[in-house]
Number of protein chains: 2
Amino acid sequence: MPGEAIEGPRPTQSRAPRTQTRSAASRPTAADVAALAGTSVATVSLVANGKTKGRVGAETVARVTDAIDSLGYVVDHAASALARGTADIAVLIAPDLANPYYGDVVRGVTEVLGDRLQLLLAVASTGVQPSPAVMARLVGLRPAGLLVDAPSQAFLAALPDGPATVLLDAPGADAPGTDDTGAGGAATPRDAVNYDLAPGVDALVDHLADQGHRVVAYLDSSTGTETLALRRRLVAAAADRRGLRLVDGASSVIEVAAATHAFEAAWPGWDDSGATAVVCATDTQAYGVLAAARTLDVRVPDDLAVAGFDDLPSSQVTAPGLTSVALPGAALGRTAAARLLRALGLDPEGAGAAEHPAADDLTARLVVRPSTLAPRG
Amino acid sequence: MPGEAIEGPRPTQSRAPRTQTRSAASRPTAADVAALAGTSVATVSLVANGKTKGRVGAETVARVTDAIDSLGYVVDHAASALARGTADIAVLIAPDLANPYYGDVVRGVTEVLGDRLQLLLAVASTGVQPSPAVMARLVGLRPAGLLVDAPSQAFLAALPDGPATVLLDAPGADAPGTDDTGAGGAATPRDAVNYDLAPGVDALVDHLADQGHRVVAYLDSSTGTETLALRRRLVAAAADRRGLRLVDGASSVIEVAAATHAFEAAWPGWDDSGATAVVCATDTQAYGVLAAARTLDVRVPDDLAVAGFDDLPSSQVTAPGLTSVALPGAALGRTAAARLLRALGLDPEGAGAAEHPAADDLTARLVVRPSTLAPRG
DNA sequence: CTGAAAGCGCTTACAG
DNA sequence: CTGAAAGCGCTTACAG
């Protein structure tokens, strides 16, 4: 029987062994360290934070350090955050962690953050932005910074003003409109790090046009984030340029099963309008299309070419391998993290900026695989 | 040019506009609310925390609520955590968020946590457990609870004792050995929620044996977590029972590319020993095998049957569809979250426990797909 | 039903 | 180079 360990709830504070002194019962405090080292708590604070340069004698530092080690002292972040007004943490807000794509972004962020800031991820329920109540809670933690990935406009408008904030993959947020004559703090532009999507999208549409497709369907995401809306607009613009007709009317959340259903519902109509290719807002949705195509006996790529966005790791092993617009998620994460550190006056230099010279290539690139390789016309 | 919004660093505390009063410059505090509502901060605290039942008059509650709304007051968590000794957050520690599998677990956890506890995810670098330094930081946040998924033994041993902790997918941690005669606090057993892996593993091995396989290779994970070690042991035991020979010697981190390389290196040897099937510790690694098989011109399933663990959403659309031992991640998350709430004296009842009666079915089940469907012998 | 006050554990000017 | 003290914004007994 799994999960049957009956150990009962363990109270947050373990009962103090009766033989010990009062302060040993809970976590050691700076006062405990000070007592043991024979100094003041102020000095302990200095040492614990490495701010001893020219302020604390080497001998004292050693004594305090020993005391810290022997007591296992760790600075209480709640108290520290309160006293300082800010905590050494960065909160990343992303709509959908189930999407493996975010793994790359997170990796990029942590690489650059190093141990300056502890990264914490906040997730709402599937694909949804955190509610204002949750945001209030998060800001209440007094994080030094906020990283917001793929926000919707509504979410941005409701974003609290407190902590330093860097937006990731938030097209539009960094372009304050053409005639932004400072109409008050209405729509604050914020620091944003975005992909350069056009090259990848153009390459995809060119590729489809070159393969002889004339009518292309689009399976949109229904999550309402700006970056996903932009994908669709760019595909439409490129289709226009190449004289392709774009048909849509279908969308789903970013899940395989949901996309399967959306495609099954849309396919008859698309088929009637002569669509021979479908571009999906995400690879995850493209997987759903592949699954549906099998059921419907639609052959890929012979009857229908399928493409997506994200180039997930598994897209190379789907049947057939999936053509996809690859997004450099790790680069996005690194760039955003560096931006945040800089905004906070912490030099990003040490932790990866140098080691990752390609950190700022945010260009989306097309990866062609068999799912679109069946020339026609 | 993406990401070129030059908005400059925004200091955490914006300089106070000279025309405003002191407290209006930063976030409103309980004192501000109290002043506006004409009450004491104590009352504000009571109202803000919903502890007014029989302690604050309806009229007062209304006045304070109005003041809170009009000021946009939100409780400062740092201060609250300090005063209370604990914060309303739960930290989930997982080795590898890039694995979409964790999306399910996270979803399960948040479903049950509701808004009692804000879930925050802490990630170390790829596939690694957080360092003791990071753990100290996390505990310094004074989270009400810790959820630790797929820990290694070493990590568990170093786990601090502070907050209420529930282990997920940590086999062994809940089974304090047969002769645990209380040899001191050496290896504290903890509350753990585990899968029942055996049914799924047995079904997989039975299936392979029934298909006529006699020699089965195992591509292990190199991450050193207990649960992954257990998978291998269970496969070995089942193989033994069915008279199959298990060959191994290959392992990789949980990434497609790494698994590809590991398989390419191991295949000649495995081929020599007559292996006709390979079981992978994770679906992600199985994807790598599928990719390598193409390169090496090994046909799946005709030359080689391939199976994995996790049954990721994309495993139904791989070429060929992947046979996998499915793990009920959401159920694991829900069960662990409920356990944590109970340990904290918060009743899990409201937020999903009732709506999800299947919450405790933690049985792993085999999903058979074409990657293993080629009878031989 | 309500408020004054102590205290949570730090950090940071400010004096020495 | 070091310490005493104020203060960060809450929460919680404790009096009324």
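Just so it is clear: chains get the letters A, B, ... in the order the sequence lines come, proteins before strands, and each one is counted from 1. Being a predicted model, the structure only gives us computed values, none of them experimental.
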Item to check | From Leu159(A) atom CG to Thr165(A) atom OG1, the distance as rounded to the nearest 0.5 Å | outcome: 6.0 Å

Item to check | Integer-rounded Å distance: dG9(D) P and Leu82(A) CG | outcome: 7 Å

Checklist entry - Could you give all pairs that pass the side-chain hydrogen bond (donor to acceptor under 3.5 Å, both in side chains) test and reach residues 53-78 of chain A, with sequence neighbours left out? => result Asp76(A)-Arg142(B)

Item to check | With Ser80(B) via side chain to side chain contact (heavy atoms under 4.5 Å, CB included) - residues at least two apart | outcome: Val75(B), Arg84(B)

Checklist entry - Is the backbone N or O of Val74(B) less than 3.5 Å from a side-chain atom of Arg27(B), with the two atoms forming a donor-acceptor pair by type? => result yes

Checklist entry - Want to know the stems of DNA chain C: at least 3 consecutive Watson-Crick or G-U pairs with distances under 3.5 Å, which are they? => result C:1-3 with D:14-16, C:5-12 with D:5-12, C:14-16 with D:1-3

Checklist entry - Taking DNA chain D as the partner, which of residues 58-71 of chain A come within under 4.0 angstrom of it by heavy atom? => result Thr60(A)

Next on the checklist: Leu147(A) and side chain to side chain contact (heavy atoms under 4.5 Å, CB included): which single residue from Leu168(A), Leu121(A), Val91(A), Ile93(A) fits?
Outcome noted: Leu168(A)

Item to check | Nucleic acid footprint by protein, nucleotides 10-16 of chain C - heavy-atom cut-off 4.0 Å, B for base, S for sugar-phosphate alone | outcome: BBB----

Checklist entry - How many angstroms lie between atom CG of Leu92(B) and atom CG of Leu113(B), to the nearest 0.5 angstrom? => result 10.0 Å

Item to check | Listed partners of Ala34(B) passing side chain to side chain contact (heavy atoms under 4.5 Å, CB included), at least two apart | outcome: Thr39(B), Val41(B), Val44(B)

Next on the checklist: Quick one, Leu146(B) and Met135(B) - any side-chain contact, counting heavy atoms below 4.5 Å?
Outcome noted: yes

Item to check | Leu119(A) side chain near Leu117(A) side chain, heavy-atom distance below 4.5 Å | outcome: no

Checklist entry - Is the shortest heavy-atom distance from the side chain of Leu36(A) to the side chain of Val33(A) under 4.5 Å? => result no

